[in-house]
Amino acid sequence: RRSSDLNNSLGPLVGFRNRLINGDFRISQRNGASAFSSGATAGAYGGPDRWYVSATGASVTLQQVAGTAPNQFALQVTGGASNTGVEIGQKIESQNIYDQEGQTVSLQAELSCSAITSITWTAYYPGAADNWTSRTSIATGSFMVSSTPGVKSTTIALPSNVENGLEIALSWGAMTSGTCKIENVQLEPGSVATAFERLPVGVELALCQRYYETGYAQYFYIQGISANFGGVPYYFKVSKRATPTISFAGTWQYYSASTPATFTPSANAPSAPSTDSFAVIAASATACGGFVGYGISGTTGTWAASSEL
């Protein structure tokens, strides 16, 4: 028998059943427990890791909040005036769903809303492997919800096209006020929804960091050496899914003749970032003798690397 068939049969006996990452919303590298305003845009990342939000008409707010016991966390969506629709979802990398082509999977989530009474679930596949320029619906349905948290589940027959990837989306109409809470979202092989699989937090964090990682300006100083160009390597904790986009925030400083001086960091020279590392460059430095670490002499520099789908 194929290993995927055996995996589907064993169900709860097999580890790493959940093909969704951070289904309990424990990991939130971008904003922690702070609120994130989505804007009226599609596919924005700013809440708990791996989960995007799309809002039409006007923005909604995403926030990691306390979950329903015994769940530690939940994703809370708060409505906004003039909003006309919301979608929360996750795109699964092709390598993590390839074995489920032609198979049946189970989707479950614990849901509650103060005003919304129905949430639509939809499964999609992309036009090419891990390329979500376009998407095609596989199946859709609805979960009836109320203010009392309840576990909802369904089964989905996956076509061969999921070799390119899979997207699971939860959506609803206008949300001008009120809140919805989403907890313990799981997509697993087989037609039976089993108890939510809770991985060790370090494992969940590493899975998230394949797609997004953040860090701080690091101290680097070499006595007696100076140049009008400076660079320092940064190595990712986890190799990225693809060459990431590097962004910078805060105040970055280098040592100019032992005195801190600000600069605008670049990650594009002398070589482009890779899936394992990048270099912070001070291209216009004067007598650069190193870099000032985070928290020293007013340095507040941070970086983020994203290879989200």
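Any value given below was found using the heavy atoms of this structure, including those in side chains, with hydrogens, waters and symmetry copies removed.
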Donor-acceptor contact below 3.5 Å, side chain [X] vs main chain [Y]:
X: Q186; Y: E197; result: yes
X: Y234; Y: Q218; result: yes
X: K240; Y: T245; result: no
X: T140; Y: W121; result: yes
X: N18; Y: L187; result: yes
X: Q209; Y: K237; result: no
X: S256; Y: T286; result: yes
X: R50; Y: K91; result: yes
X: S114; Y: T179; result: yes
X: T299; Y: G301; result: no

When you compare the side chain of [Y] with that of [X], does any pair of heavy atoms fall below 4.5 Å?
X: E204; Y: I21; answer: yes
X: N71; Y: R198; answer: yes
X: V53; Y: T41; answer: no
X: C180; Y: W172; answer: yes
X: E101; Y: V162; answer: yes
X: F236; Y: P244; answer: yes
X: V86; Y: V77; answer: yes
X: L166; Y: I138; answer: yes

Do you know which two heavy atoms are closest between [X] and [Y], and how far apart they sit?
X: G46; Y: N31; answer: O-ND2, 2.6 Å
X: L199; Y: F16; answer: CD1-CE2, 3.9 Å
X: S54; Y: A42; answer: OG-CA, 3.4 Å
X: A242; Y: S307; answer: O-CB, 3.5 Å
X: I168; Y: A123; answer: CD1-CB, 4.0 Å
X: T155; Y: S106; answer: CG2-OG, 3.9 Å

So if you build clusters from Ile, Leu, Val, Met, Phe, Trp, Tyr with side-chain heavy-atom gaps below 4.5 Å, do [X] and [Y] land together?
X: I119; Y: I88; answer: yes
X: I246; Y: Y235; answer: no
X: Y98; Y: L207; answer: no
X: Y254; Y: F220; answer: yes
X: V145; Y: L62; answer: yes

>> Classify the ring geometry of W51 against F25: parallel below 30°, tilted from 30° to 60°, perpendicular beyond 60°.
In response: tilted
>> Below 30° counts as parallel, above 60° as perpendicular, anything between as tilted: where do the rings of F263 and W252 land?
In response: perpendicular
Any chance you could measure [X], atom [atom1], to [Y], atom [atom2], to the nearest 0.5 Å?
X: N161; Y: Y124; atom1: CG; atom2: OH; value: 15.0 Å
X: Q108; Y: E183; atom1: CD; atom2: CD; value: 12.0 Å
X: Y216; Y: T300; atom1: OH; atom2: OG1; value: 11.0 Å
X: I92; Y: R19; atom1: CD1; atom2: CZ; value: 8.5 Å
X: S147; Y: K181; atom1: OG; atom2: NZ; value: 11.5 Å
X: Y255; Y: Y219; atom1: OH; atom2: OH; value: 5.0 Å

> Between D49, N22, T214, which is the residue that forms a side chain to side chain donor-acceptor pair (under 3.5 Å) with Q29?
Replying inline: D49
>> Could you walk me through whether E87 and Y52 satisfy the side chain to side chain donor-acceptor pair (under 3.5 Å) test, starting with their C-alpha distance in whole Å, then the side-chain angles of each, then the deciding distance to 0.1 Å, before giving a yes or no?
In response: CA-CA 8 Å; E87 179 178 286; Y52 70 78; 2.7 Å; yes
> Is the charged tip of R30 near the ring of F36: under 6.0 Å from the six-membered ring centre and within 45° of its axis?
Replying inline: no
> Can you check side-chain contact (heavy atoms from CB on, under 4.5 Å) on T154 and F143, steps first, answer last?
Replying inline: CA-CA 9 Å; T154 190; F143 294 138; 4.0 Å; yes
> Is it true that atom CZ of F248 has more than 12 heavy atoms of other residues, nucleotides or ligands lying nearer than 6.0 Å?
Replying inline: yes
> Side chains of S297 and Q253: do they bring a donor and an acceptor to under 3.5 Å?
Replying inline: no
> Given the rule in the side chain to side chain donor-acceptor pair (under 3.5 Å) test, do S239 and D276 qualify, once you have shown the distances and angles that lead to the verdict?
Replying inline: CA-CA 5 Å; S239 294; D276 294 306; 2.3 Å; yes
>> Show, in sequence, the C-alpha distance, side-chain angles and deciding distance for E93 and R241, and conclude whether the salt bridge (charged side-chain N to carboxylate O under 4.0 Å, His left out) test is met.
In response: CA-CA 9 Å; E93 188 176 352; R241 177 192 67 83; 5.3 Å; no
